[in-house]
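Everything below concerns the one structure shown next.
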Amino acid sequence: MVGQELELASDLDFQSETYRDAYSRINAIVIEGEQEAHDNYIQIGELLPELKDDLAKLAKMELRHMKGFTACGRNLNVTPDMAFAKEFFTGLHGNFQKAFAEGDVVTCLLIQALIIECFAIAAYNIYIPVADDFARKITEGVVKDEYLHLNFGEEWLQQNFDESKAGLEKANRQNLPIVWKMLNQVEKDAKTLGMEKEALVEDFMIQYGESLGKIGFNTRDIMKMSAMGLLPA
Ligand code: PL3
Ligand code: FE2
Ligand code: FE2
């Protein structure tokens, strides 16, 4: 596996038109994702006023990530396709805003601190071995922070598990299929950057399943919730 990745990495031409075209969309997705993550943590802070300062710190990290990835695109002379990226996130964005308007902090945390962070952790870990030197260093720093963000969500949901369980199951059913759709949309461009969809799916499911286990779900629950991803969005 590692050998295969290294071989692929050496085949990549970061300056080619094909690579840069795919990067214009993937880079935009990551920039938009980090910006929305910032906004989401600020909003979660409004729902959890006692944790507002902690959440503001997480939000600030997201802005740093956004700037780091903006520099990665600039370094390759790529203009990020931000309109594409906004569209890419509409499903999760709309569901987050709806939950926020209802004061539904459990759904907000599931979308941002579990689903989006697990998606980011999987994507960044798969990207690191095939990235250009500049982007690799930035991404290595970013992914460490994402584990902290995931951990924040896990801890809050674990401490409030009994009251959150049903809400988490419902939010999982509504949002996991959207992630599957997003993965399919990004599959071709990710492959151009040397990232395989199978690896992304595998890393995402391992990370997400582990998180659900830490929060308090048993194996049977986790299997059931994972299978929900396969139902129509
Ligand atoms: C939360 O902190 C960040 C949210 C970002 C979401 C990223 C999703 C990435 C999917 C596309 C995979 C490509 C990764 C390549 C990195 C330049
Ligand atoms: Fe981030
Ligand atoms: Fe994050």
Side-chain angles (χ1 to χ4, degrees), residues 9 12 14 19-20 22-42 44 54-76 78 80-82 84-89 91-93 96 108-109 111-154 175 178-201 203-204 207-208 211:
L12 296 170
F14 302 119
Y19 187 94
R20 290 170 60 250
Y23 207 83
S24 71
R25 286 177 294 278
I26 300 278
N27 184 230
I29 285 172
V30 173
I31 292 170
E32 176 68 21
E34 297 291 356
Q35 175 69 55
E36 292 197 20
H38 165 274
D39 301 348
N40 291 346
Y41 283 120
I42 296 287
I44 292 169
D54 295 323
L55 285 154
K57 277 184 203 141
L58 303 193
K60 207 170 158 186
M61 291 179 183
E62 303 297 18
L63 274 196
R64 226 178 28 232
H65 300 168
M66 200 257 297
K67 286 180 189 143
F69 286 125
T70 302
C72 294
R74 206 183 303 122
N75 180 53
L76 293 178
V78 164
D81 185 344
M82 296 312 295
F84 173 84
K86 265 207 168 354
E87 178 65 29
F88 181 78
F89 277 104
L92 292 183
H93 181 77
F96 183 96
C108 288
L109 281 171
I111 293 174
Q112 175 56 48
L114 298 189
I115 286 189
I116 296 181
E117 298 295 354
C118 286
F119 195 18
I121 287 169
Y124 298 165
N125 277 329
I126 303 290
Y127 176 59
I128 285 168
V130 294
D132 64 82
D133 288 338
F134 182 84
R136 183 184 317 117
K137 285 191 197 87
I138 299 224
T139 311
E140 281 169 349
V142 168
V143 78
K144 287 197 192 98
D145 290 344
E146 309 302 10
Y147 284 106
L148 300 176
H149 302 172
L150 176 61
N151 197 255
F152 176 92
E154 287 168 351
N175 291 286
I178 298 179
V179 176
W180 252 227
K181 217 175 84 186
M182 292 165 84
L183 271 164
N184 287 331
Q185 279 171 12
V186 85
E187 175 178 7
K188 196 163 163 281
D189 287 329
K191 176 135 179 121
T192 303
L193 306 194
M195 304 163 69
E196 296 290 339
K197 184 186 169 193
E198 287 73 24
L200 287 165
V201 170
D203 266 40
F204 174 82
Q207 195 62 247
Y208 188 57
S211 293

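Remember, it's 1-based here, ligands and their atoms both numbered in the order they're listed.
- Ring orientation note: the planes of Tyr19 and Phe14 are nearly perpendicular, at an angle over 60° on the 30°/60° scale.
- Of all protein N/O/S atoms, those under 2.8 Å from the Fe ion (ligand 3) are Glu62 OE2, Glu117 OE1, Glu117 OE2, Glu146 OE1, His149 ND1, and waters are not counted.
- Under the side-chain contact (heavy atoms from CB on, under 4.5 Å) criterion, Asn125 pairs with Ile121, Ile128, Val143, Tyr147, Asp203, sequence neighbours left out.
- Here the options are Asp133, Ile138, Thr70, Asp132, the test is side-chain contact (heavy atoms from CB on, under 4.5 Å), and the partner is Asn75; only Asp132 passes.
- In this structure, CD in Glu117 is found 11.0 Å from CG in Leu109, a value given to the nearest 0.5 Å.
- Going from atom CZ of Phe134 over to atom CZ of Arg74 covers 8.0 Å, rounded to the nearest 0.5 Å.
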* Please report the C-alpha distance between Phe84 and Ser24 in whole Å, then the side-chain angles of each, then the deciding distance to 0.1 Å, and finally whether the side-chain contact (heavy atoms from CB on, under 4.5 Å) criterion is met. => CA-CA 9 Å; Phe84 173 84; Ser24 71; over 6 Å; no

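- Within 4.0 Å of ligand 1, counting heavy atoms only, the contacting residues are Ile26, Val30, Gly33, Glu34, Ala37, Glu62, Ile116, Glu117, Phe119, Ala120, Ala123, Tyr124, Tyr127, Glu146, Met195.
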Would you give me the side-chain donor-acceptor pairs under 3.5 Å for residues 179-188, sequence neighbours excluded?
from	atom 1	to	atom 2	distance (Å)
Asn184	OD1	Lys197	NZ	2.5
Asn184	ND2	Trp180	O	3.4

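- In this structure, His38 NE2 and Leu58 CG are separated by 11.0 Å, a value rounded to the nearest 0.5 Å.
- Checking each of Thr139, Ile26, Val30, Leu200 against Tyr127 for a side-chain contact (heavy atoms from CB on, under 4.5 Å) leaves exactly one that passes, namely Thr139.
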